[in-house]
Asks: 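Starting off with a structure, shown below.
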Amino acid sequence: SANTPAHNLVHHRFGDGDAPDWAAPAAVSFRWNLLNGMFFMSSVVKDIFFADMRFFKAMYRRNPPWFRQMMFESIVFLGAGRAALLQLSHPYVAHAIEQHSSTRADPIGRFNRTFLYVYGMIFGDLPHALGSARRVRAIHDEVHGPIREDIGRFREGHRYRAHDPDALLWVWATLLETSVMTYEIGVGPLSPAEKDEVHAQMKRFAWLFGLDDRVLHRDYRAFSAYCEEMRASDTLAVGRPVFKLFTANELPFPQLGSTP
């Protein structure tokens with residue numbers, strides 16, 4: 001199963017020293033990816049799926065907090081699109097991506113690199129988490145430039161920087177709010193105390209992001225009020241880079257209904 005596409009994307013994006021792995025998707029032809037994928041699904045996935053279901057059922061009975069945490073971490077991916085769109089509604093984020101990111105040319109690679117660092121900060125031990133945070137902040141050191149349009153409260157020529165605390169706070173906020181919203185839609189409501197617990201845990205991620213308690217909120221209720229204020233403000237506005245990103249000529253895949 002080494003050449004299965006999903007396996008490649010998880011384990012074979014890069015080898016040691018960031019050198020491309022021999023089993024990276026770009027190194028294996030589509031024909032072999034497809035054949036190995038069909039074989040893997042029919043011979044392996046079925047047994048893994050039923051074994052996982054038995055395990056999850058047992059953990060649901062024996063360790064409800066573990067099961068809830070597992071469900072939370074699994075289901076939040078369904079909200080990734082919402083979080084990304086909300087992030088792009090901030091002109092700092094939209095213009096930074098247009099001028100510095102490889103999202104349009106290599107969306108899968110961008111996704112993998114992002115979560116390589118995110119998971120390093122969330123699940124790694126202290127040295128690994130700090131190392132991932134330093135790499136992200138080093139990347140952000142180079143992300144700055146002009147906003148190239150009048151948009152919202154920003155005038156053309158206004159300078160953005162990735163380390164801006166207000167922009168960082170909004171990016172982090174979209175992840176937290178969307179995670180809670182997605183969990184409540186897919187699993188069930190969280191109590192105010194549970195939301196406060198999630199908010200407190202996510203603060204650790206925010207600290208690694210470069211935020212501190214001067215801009216973070218005391219509890220989830222205050223955080224939720226901040227999100228509402230942001231959506232009602234002129235700080236968020238969808239501008240040219242977002243429309244450009246989502247036109248047929250800019251997307252890395254054809255839009256539905258488009259012609260070759």
Side-chain angles (χ1 to χ4, degrees), residues 69 72-98 100-101 103 110-111 113-115 117-123 129 132-133 136-137 139-140 143-144 147 151-154 158 160-187 189-239 241-242 245:
Q69 181 71 17
F72 185 85
E73 293 168 1
S74 300
I75 203 168
V76 293
F77 266 109
L78 297 177
R82 177 186 186 270
L85 290 174
L86 286 172
Q87 291 170 18
L88 286 168
S89 69
H90 197 301
Y92 276 31
V93 177
H95 282 265
I97 286 178
E98 181 186 46
H100 296 276
S101 176
T103 298
R110 178 71 173 81
F111 179 90
R113 288 188 292 274
T114 296
F115 281 95
Y117 296 134
V118 167
Y119 282 160
M121 286 186 270
I122 294 176
F123 297 111
S132 293
V136 169
R137 298 186 72 171
I139 292 170
H140 284 176
V143 179
H144 49 80
I147 290 180
I151 181 68
R153 67 181 179 87
F154 304 104
H158 177 91
Y160 68 82
R161 58 188 183 92
H163 288 308
D164 179 83
D166 292 333
L168 281 176
L169 178 61
W170 176 243
V171 170
W172 174 81
T174 66
L175 300 174
L176 171 55
E177 185 190 45
T178 300
S179 297
V180 171
M181 181 181 296
T182 307
Y183 182 90
E184 291 193 308
I185 292 172
V187 180
L190 293 168
S191 69
E194 289 172 326
K195 291 180 180 178
D196 285 343
E197 180 183 354
V198 173
H199 178 259
Q201 291 177 357
M202 281 288 285
K203 278 188 175 182
R204 301 171 189 170
F205 183 47
W207 296 333
L208 291 169
F209 239 158
L211 296 168
D212 59 41
D213 289 333
R214 289 176 294 181
V215 297
L216 296 173
H217 303 88
R218 64 182 182 276
D219 54 27
Y220 193 85
R221 181 178 180 180
F223 164 78
S224 184
Y226 155 79
C227 292
E228 292 296 333
E229 291 171 4
M230 282 292 289
R231 281 191 286 269
S233 74
D234 59 356
T235 298
L236 303 182
V238 177
V242 181
L245 179 64

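These numbers come from a predicted model, not from an experiment.
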Asks: What are the two closest heavy atoms between T174 and Q87, and how far apart are they?
Replies: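 Answer, listing the atom of T174 first, then Q87: OG1-NE2, 2.9 Å.
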
Asks: How far apart are the closest heavy atoms of G79 and T178, and which atoms are they?
Replies: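 Closest approach of G79 to T178, heavy atoms only: O-CG2, 3.1 Å.
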
Asks: Can you check whether R221's main-chain N or O pairs, donor with acceptor, with S224's side chain at less than 3.5 Å?
Replies: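 Such a contact is absent between S224 side chain and R221 backbone.
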
Asks: State, to 0.1 Å, how close S132 and Y117 come at their nearest heavy-atom pair, and which atoms those are.
Replies: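 What the structure gives for the nearest pair is CB-O, 3.7 Å.
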
Asks: Ring pair (Phe, Tyr, Trp, His ring centres under 6.0 Å) with Y92: which of H140, H100, H158?
Replies: H158

Asks: If only atom types and distance count, is the side chain of W172 paired as donor or acceptor with the main-chain N or O of K203 below 3.5 Å?
Replies: no

Asks: Considering only heavy atoms from C-beta outward, does the side chain of L216 approach that of W207 to under 4.5 Å?
Replies: yes

Asks: Looking only at heavy atoms, which two atoms of P165 and L211 are closest? And how far apart?
Replies: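 Heavy-atom minimum between the residues: O-CD2, 3.5 Å.
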
Asks: Of all the heavy-atom pairs spanning L175 and A83, show the shortest one and how long it is.
Replies: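 Heavy atoms of L175 and A83 come nearest at CD2-CB, 4.2 Å.
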
Asks: Can you say whether the rings of Y220 and H199 are parallel (under 30°), tilted (30 to 60°) or perpendicular (over 60°)?
Replies: perpendicular

Asks: Could you pull out the closest heavy-atom pair between E194 and S191, with the gap in Å?
Replies: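 Minimum heavy-atom separation between E194 and S191: OE1-N, 2.8 Å.
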
Asks: Is any side-chain heavy atom of L169 closer than 4.5 Å to a side-chain heavy atom of F209?
Replies: no

Asks: Are there over 12 heavy-atom neighbours, none belonging to R82, within less than 6.0 Å of that residue's CZ?
Replies: yes

Asks: For H90 and T235, indicate whether the former's side chain and the latter's backbone hold a donor-acceptor pair under 3.5 Å.
Replies: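 No: the side chain of H90 does not pair with the backbone of T235.
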
Asks: Run the side-chain contact (heavy atoms from CB on, under 4.5 Å) test on H163 and R137 for me, step by step, so that the C-alpha distance in whole Å, both residues' side-chain angles and the decisive distance to 0.1 Å come before the verdict.
Replies: CA-CA 8 Å; H163 288 308; R137 298 186 72 171; 4.1 Å; yes

Asks: Are the side chains of V198 and L176 in contact, using a 4.5 Å heavy-atom criterion?
Replies: yes

Asks: So how far is it from L88 CG to L236 CG, rounded to the nearest 0.5 Å?
Replies: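 One gets 11.0 Å once the value is rounded to the nearest 0.5 Å.
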
Asks: Nearest 0.5 angstrom please: L168 CG to R161 CZ, how far?
Replies: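 L168 atom CG to R161 atom CZ measures 8.5 Å (nearest 0.5 Å).
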
Asks: To the nearest 0.5 Å, tell me how far E197 CD sits from D219 CG.
Replies: 14.0 Å

Asks: Before giving the answer on side-chain contact (heavy atoms from CB on, under 4.5 Å), spell out for Y160 and V93 the whole-Å C-alpha distance, their side-chain angles and the decisive distance to 0.1 Å.
Replies: CA-CA 9 Å; Y160 68 82; V93 177; over 6 Å; no

Asks: Within a strict 4.5 Å, meaning less than it, do heavy atoms of the D166 and M230 side chains meet?
Replies: no

Asks: If you measure from CG on D196 to NE2 on H217, what distance do you get to the nearest 0.5 Å?
Replies: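 So the CG of D196 and the NE2 of H217 are separated by 13.0 Å.
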
Asks: So does G152 get a backbone contact from the side chain of D234, meaning a donor-acceptor N/O pair under 3.5 Å?
Replies: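 No; zero donor-acceptor contacts below 3.5 Å.
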
